[in-house]
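Structure, as structure tokens:
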Amino acid sequence: MEFDSARFPAPERFARWREQLSSTYAPLEAWSEHAEDFWFRERHMLLGPVEVWPTTLQPVTLWRTPAMIRSSDPDGLHLSMLLHGTMEVDRDGWQTVHDTATFNTNDTSRAWRMRAYGDGGGPMRLVGVDFLKERLALPRRLVDRAIGAPMSARDGVGALLAAFLTRLADGSAGLRPEDGPRLGAVLTDLVSAVFAHTLEAEKALAPEAHRRALLLRAQGFILAELPDPGLDPAAVAAALHISVSHLHRLFTDHGETVAAWIRRRRLDRTARDLADPALAHVPVSTIARRWGLTQPVTFSRAFRAAFGTSPTEHRRTALSAARDAPSHLRSGGR
């Protein structure tokens with residue numbers, strides 16, 4: 001779902017944006033010096049039980065009061081990552097300043113106030129994530145203790161989460177509906193790992209949850225780095241700070257090798273792009289290289305083994321089907 005201030009008359013824009021934000025998170029108050037002609041562009045992605053919303057907007061101040069909490073508390077958790085700008089957050093008598101190097105976290109159960117703005121008072125860009133606290137693979141008391149704590153977006157697992165969110169913000173157009181729940185699971189486990197790392201509480205994760213978190217963190221890293229032709233098990237293991245043998249066990253316990261998982265994801269992305277009419281002018285080899293498949297012969301052989309046809313024939317069949325579809329289907333029903 002996409003929301004753009006240009007769709008609304010200038011006097012209505014700020015109220016529309018505030019209404020949308022409150023329905024996503026929880027009731028909030030908001031103020032902006034640009035309220036008379038507020039500018040925003042926002043995209044919402046539902047990944048199973050998780051909502052991700054990249055947005056660009058003018059400077060704004062938001063706050064949640066004790067009265068609002070008493071009126072409505074869905075026990076939700078919010079994490080945001082700035083792509084451009086600064087956030088000043090007041091909570092429990094303390095002020096924290098966030099930039100692109102740190103994540104901001106808050107919840108619907110505590111009062112807070114936040115001022116966000118871009119450089120020189122201009123627009124800012126961020127990626128917001130909202131879901132229920134119960135989704136994190138950590139005891140509730142640790143989740144509550146970690147909210148508001150400094151969380152790096154530059155180091156360790158925080159850098160993995162930042163890369164994952166950045167890719168979602170920049171490349172969601174290629175996602176399919178069936179990708180949503182899987183990506184939501186990856187995202188919640190990455191957030192769980194960031195919280196656990198922040199608390200130095202990795203041991204608080206149950207063994208099975210810890211293994212699943214590691215597997216999903218590995219898969220999330222792979223999805224973010226698929227275009228890199230140098231991506232291999234050693235690179236994934238290094239990013240997670242585990243041994244290659246440990247990484248192999250995580251994947252083989254779920255019936256697939258690391259290399260096979262990487263290859264299949266690359267082939268899936270290539271097949272999807274080959275079927276896209278907007279990319280019909282792009283050579284097959286160029287699309288393959290975009291997804292890290294740099295050896296033409298090896299790529300063609302692997303593609304035929306996976307889909308039962310050559311890349312060229314797959315493209316021809318898919319584009320022919322798109323041309324033959326009724327016009328109302330090609331245009332999404334509009």
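Side-chain contact between Glu42 and Trp17 is present, with at least one heavy-atom pair separated by less than 4.5 Å. Side-chain contact between Arg290 and Arg269 is absent, with no heavy atoms from C-beta onward closer than 4.5 Å. Contact of the Glu36 side chain with the Pro11 side chain is not registered, since no non-hydrogen atoms from C-beta on lie closer than 4.5 Å. When side chains are defined from C-beta on, Thr105 counts as touching Phe195, because their heavy atoms get closer than 4.5 Å. With a 4.5 Å cut-off on side-chain heavy atoms, Tyr117 and Glu88 count as touching. For the pair Leu161 and Phe103, the minimum side-chain heavy-atom distance is below 4.5 Å. Under the 4.5 Å side-chain criterion, counting only non-hydrogen atoms from C-beta, Trp112 is not in contact with Asp90. For the pair Arg289/Leu293, no side-chain contact is recorded, criterion being any heavy-atom separation below 4.5 Å from C-beta on.
Distance CG/Leu165 to CG/Leu190: 8.0 Å, rounded to 0.5 Å. With rounding to the nearest 0.5 angstrom, the CG atom of Leu79 is 10.0 Å from the CD1 atom of Ile147. Note: Met124 CE to Ser80 OG = 9.0 Å, rounded to the nearest 0.5 Å. The distance from the CE atom of Met114 to the CG atom of Leu28 is 8.5 Å, given to the nearest 0.5 Å. Note that CZ of Arg115 and OG of Ser32 are 10.5 Å apart. Values are rounded to the nearest 0.5 Å. Here the CG atom belonging to Leu142 is positioned 11.5 Å from the OG atom belonging to Ser192, to the nearest 0.5 angstrom.
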ask   = Are Arg125 and Thr55 close enough, and set up right, to give a side chain to side chain contact (heavy atoms under 4.5 Å, CB included), and what steps lead you there?
value = CA-CA 6 Å; Arg125 295 177 58 224; Thr55 185; over 6 Å; no

ask   = How far apart are the C-alpha atoms of Leu132 and Leu77, what are their side-chain angles, what is the distance that settles it, and do they pass the side chain to side chain contact (heavy atoms under 4.5 Å, CB included) test?
value = CA-CA 6 Å; Leu132 298 180; Leu77 173 68; over 6 Å; no

Leu136 and Val191: CA distance, side-chain angles, deciding distance, side chain to side chain contact (heavy atoms under 4.5 Å, CB included) verdict = CA-CA 7 Å; Leu136 293 187; Val191 175; 3.8 Å; yes

request  = Output, in order, the C-alpha distance, side-chain angles, deciding distance and verdict of side chain to side chain contact (heavy atoms under 4.5 Å, CB included) for Val284 and Phe299.
outcome  = CA-CA 10 Å; Val284 171; Phe299 159 64; 3.8 Å; yes

query = Which is it for Asp268 and Arg264 under the salt bridge (charged side-chain N to carboxylate O under 4.0 Å, His left out) test, yes or no, and what are the steps along the way?
reply = CA-CA 6 Å; Asp268 285 345; Arg264 182 65 188 192; 3.3 Å; yes

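The heavy-atom pair separating Arg167 from Leu223 by the smallest distance is NH1-O, 4.1 Å. Residues Thr100 and Ala153 share a closest heavy-atom pair of O-CB, 4.0 Å. When all heavy atoms of Pro66 and Ala111 are compared, the pair lying nearest together is CD-CB, 4.0 Å. The minimum heavy-atom distance between Gly148 and Arg91, with the atom names listed, is CA-NH1, 3.3 Å. Taking both residues in full, the closest heavy atoms of Val129 and Trp53 are given as N-NE1, 4.2 Å, listed atom of the first, atom of the second, then distance. A pairwise comparison of heavy atoms in Arg110 and Asp144 identifies NH2-O, 3.1 Å as the closest pair.
The residues Arg43 and Glu2 are annotated as not salt-bridged, no charged nitrogen and carboxylate oxygen being separated by less than 4.0 angstrom. Using a cutoff of 4.0 Å between basic side-chain nitrogens and carboxylate oxygens, Asp179 and Arg182 are scored as salt-bridged. Of the charged side-chain nitrogens involved, at least one lies within less than 4.0 Å of a carboxylate oxygen, so that Lys133 and Asp107 count as a salt-bridged pair. A salt bridge between Glu134 and Arg140 is absent, with no side-chain N of the basic residue lying under 4.0 Å from a carboxylate O of the acidic one. Arg7 has no carboxylate O lying under 4.0 Å from a charged side-chain N of Asp4, or vice versa, which leaves the two without a salt bridge.
One N or O on the side chain of Ser300 and one on the backbone of Pro296 form a donor-acceptor pair closer than 3.5 Å. Here the side chain of Arg16 pairs no donor or acceptor atom with the backbone of Ser5 at under 3.5 angstrom. Listed for the Ser71 side chain is no donor-acceptor partner under 3.5 Å among the backbone atoms of Ala67. No side-chain donor-acceptor contact under 3.5 Å links Thr286 to the backbone of Val282. Side-chain atoms of Thr188 come within 3.5 Å of backbone N or O of Ala185 as a donor-acceptor pair.
Both Phe307 and Leu279 sit in one connected hydrophobic cluster of ILVMFWY residues. Membership requires side-chain heavy atoms under 4.5 Å apart, directly or through other members. Residues Ile69 and Leu62 fall into different hydrophobic clusters, defined by Ile, Leu, Val, Met, Phe, Trp and Tyr side chains chained together at heavy-atom separations under 4.5 Å. Hydrophobic clustering of Ile, Leu, Val, Met, Phe, Trp and Tyr side chains at less than 4.5 Å, counting indirect connections, keeps Val244 apart from Ile262. Using a 4.5 Å cut-off between side-chain heavy atoms of Ile, Leu, Val, Met, Phe, Trp and Tyr, with links allowed through other members, Phe8 and Leu21 fall into the same hydrophobic cluster. Two different hydrophobic clusters hold Trp39 and Phe3 under the rule that ILVMFWY side chains link at heavy-atom gaps under 4.5 Å.
Judged by the 6.0 Å and 45° rule, Arg263 forms no cation-pi pair with Trp261. Under the 6.0 Å distance and 45° angle rule, Arg113 counts as a cation-pi partner of Trp63.
Between the side chains of Ser243 and Ser245, at least one donor-acceptor pair of N or O atoms lies under 3.5 Å. A donor-acceptor contact under 3.5 angstrom links the side chains of Asp73 and Ser109, judged on distance only. Between the side chains of Thr102 and His98, a donor-acceptor pair is found at a separation under 3.5 Å. His78 and Asn106 are not linked by any side-chain donor-acceptor pair at a separation below 3.5 angstrom, with hydrogens and angles left out of the test.
In Arg18, the CZ atom is crowded: over 12 heavy atoms of neighbouring residues, nucleotides or ligands sit closer than 6.0 Å. More than 12 heavy atoms of other residues, nucleotides or ligands sit less than 6.0 Å from atom CD of Glu313.
Between Phe303 and His314, the ring centre distance stays below 6.0 Å.
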